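For reference, the structure discussed in these notes is given below.
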Amino acid sequence: MSERRVLINLRGLLTPDPKQAWAVDRIPAAALALEGGRVTWLGAEADLPAAWADAPRVDGGGAWATPGFVDPHTHLLFGGNRSGEFNRRLHGVSYQQIAAEGGGIRETVRATRAASVAELVDLGEARLRAFRERGVVHLEAKTGYGLELEAESRLTAAYAELRRRGWSLDVTLLPAHDLAPEFGGDAEANARAVAEDWLPELVRRHPGVARFCDVFVETGVYSAEQGRRICQAGQALGLIPRIHADELSWTGGAELAAELRAASADHLMFCSAAGMKAMAAADVTPVLLPGTTLFLGMRDWAPARQMIEAGCRVALATDFNPGSCPCVDPLTILRLGCLQLRLTFEEAFTAMTLHAARSLRHPDLGHLHPGARADVLLWDVEELLELVYWVGEPYRPRFLPA
Ligand code: NIG
Ligand code: FE
C-alpha cells in the first residue's frame, strides 16, 4: 500500500471539506493522488502537480469518486431474526407491547446467548461483507444482545476476532441495551451490575477492544440517572459514551449526552430544543436513524433541520439490528435523510461520511482531503444525485484495486 498512484479519468469527485461543518467540494474532471494508502492531493486532473507526472495511473473509468460511507451505529452481532414479530407489528401490535410480552429484544437475547463465538464471527463476516459491497468502509458495532456477562463477553470476543481479521470497526459495549430477564424488572440493580461488575470485567477480559460504551435511556428501560452512572463507570474505564436517547419518548437523553460530553446521542426522535442546544454547545454528534423510524412505522422523524439550525453536526446511521431496522443499505438511509429528514443531498452525504466519522473520532475517515484513508468509492452514474433520485435502484460502488 506504500506505492504512489494517481486516480484519473473521473467524471468528478465529491467530498466533504473536513475543515468546515457543511461544505462539500465538487470537482469536475478530478484526479486524486495517493501514497501509502492515504490521499495526498485532490484537484482537477489538469492541475495535477508535476511531481506526480511519473506516478502509475489508475483509470477511474469516468466514474464519480467519493469517500466511503461510515456507519456510526450498528448492532452488528445477534443471533436469529425477528421476522415473526414483524408480521405481528404489521397487524397492529406495537413494538413496546411485544417487548412487554417478553418478545422483542429479549427474543434476540435468547438466540444470541445460544450462539458460540465462532458462529457470531461467521454472522459478523457475512454482514460486514454486505455493508462493504454497498460502500460502508468503517462501522461502529455494539454488543447488547447478551444482557449478561458471559454472553456480552462472547460478543466482545467475536468483535475482537473480526478486527483481528482486518475489518475496520469500532466496538461499543452495550450490556445496558435492555433490562436483563434475570433482574425481574429491577432496573436499579441491573444498572448497578452493569456499572460495577460487567463493564469493568469486559474491559479487563478484552483490553483495547472497545472504545465506546452505550446505554438505552428510555421510559421503562434505564432512567437518565441510571444512564449517567453507567456512562460514568465506562468513562472511568477509558470508554467514551454514546447514548440511545429520546427514541420512543423524551427522557432527557440528549441533555445527559451533553452533560457527559458523550461522542454521540442517537435516535433523538423526541429530542427537546434544549437538548439540541446542549448537544451543539458540548460538541455531541446527533446520530439520526431514519431507517428505524420507517421500520417501526412511526411518523416522528427526528428534527434534523432544527438540529442543524441549533448548530449540530448531524450524522446518519443504519441502526442495523433485528428488531427496529434490519437494514445494511447506506443508500436507503441516504434517501430517507433527503426525503424524510429534509436534508439536502450534500448534507445527507456529509452526515454519512464526515460527521459519522467525527462521531467516532476518526479525522482520517469520511472525506478525501490530504491525510484521509484512501477508501475511495467509484460510482458509475452521470450525476451523484441519481443515487437518491432513482429510489430503490441497487447501486453498488466499485473500489480501487488494492
Ligand atoms: O436501536 N433501542 C434499542 N435498541 C435497538 C432496537 C433493538 C431491537 O429491537 O432489537 C434500536 O432501535
Ligand atoms: Fe440502536
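Heavy-atom basis, side chains included; hydrogens, waters and symmetry copies ignored. Because the structure is predicted, anything quoted here is derived from the model rather than measured. Order of appearance sets the numbers: ligands from 1, and atoms from 1 within every ligand.
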With the Fe ion (ligand 2) at the center, what angle do NE2 from H75 and OD1 from D319 span, rounded to 10 degrees? 90°
Heavy-atom closest contact (L343 atom, A304 atom, distance): CD2-CB, 3.9 Å
Pairwise, report which nitrogen or oxygen atoms of ligand 1 are under 3.5 angstrom from protein nitrogen or oxygen atoms, and how far apart they are.
| from | atom 1 | to | atom 2 | distance (Å) |
| --- | --- | --- | --- | --- |
| ligand 1 | 1 (O) | H75 | NE2 | 3.3 |
| ligand 1 | 1 (O) | H244 | NE2 | 3.1 |
| ligand 1 | 1 (O) | H267 | NE2 | 2.9 |
| ligand 1 | 1 (O) | D319 | OD1 | 3.0 |
| ligand 1 | 1 (O) | D319 | OD2 | 3.0 |
| ligand 1 | 2 (N) | E247 | OE1 | 2.6 |
| ligand 1 | 4 (N) | H177 | NE2 | 2.7 |
| ligand 1 | 9 (O) | R82 | NH2 | 2.7 |
| ligand 1 | 9 (O) | Y95 | OH | 2.4 |
| ligand 1 | 10 (O) | R82 | NH1 | 2.9 |
| ligand 1 | 10 (O) | R82 | NH2 | 3.2 |
| ligand 1 | 10 (O) | Y145 | OH | 2.6 |
| ligand 1 | 12 (O) | E247 | OE2 | 3.1 |
| ligand 1 | 12 (O) | D319 | OD2 | 3.0 |
| ligand 1 | 12 (O) | S324 | OG | 2.6 |

Parallel, tilted or perpendicular: rings of H244 and H267 (30°, 60°): tilted
Is the distance between the ring centroids of F86 and F295 under 6.0 Å? yes
Do R26 and E383 meet the salt-bridge criterion of a basic N to acidic O distance under 4.0 Å? yes
State which residue, out of D214, D170, T74, D319, fulfils the side-chain hydrogen bond (donor to acceptor under 3.5 Å, both in side chains) condition with K142. D214
Cation over ring face, R361 and F212, 6.0 Å, 45°: no
Which angle, to 10 degrees, forms at the Fe ion (ligand 2) with NE2 of H244 on one side and NE2 of H73 on the other? 90°
Validate the cation-pi geometry between R192 and F183: distance from NZ or CZ to the six-membered ring centre under 6.0 Å, angle to the ring axis within 45°. no
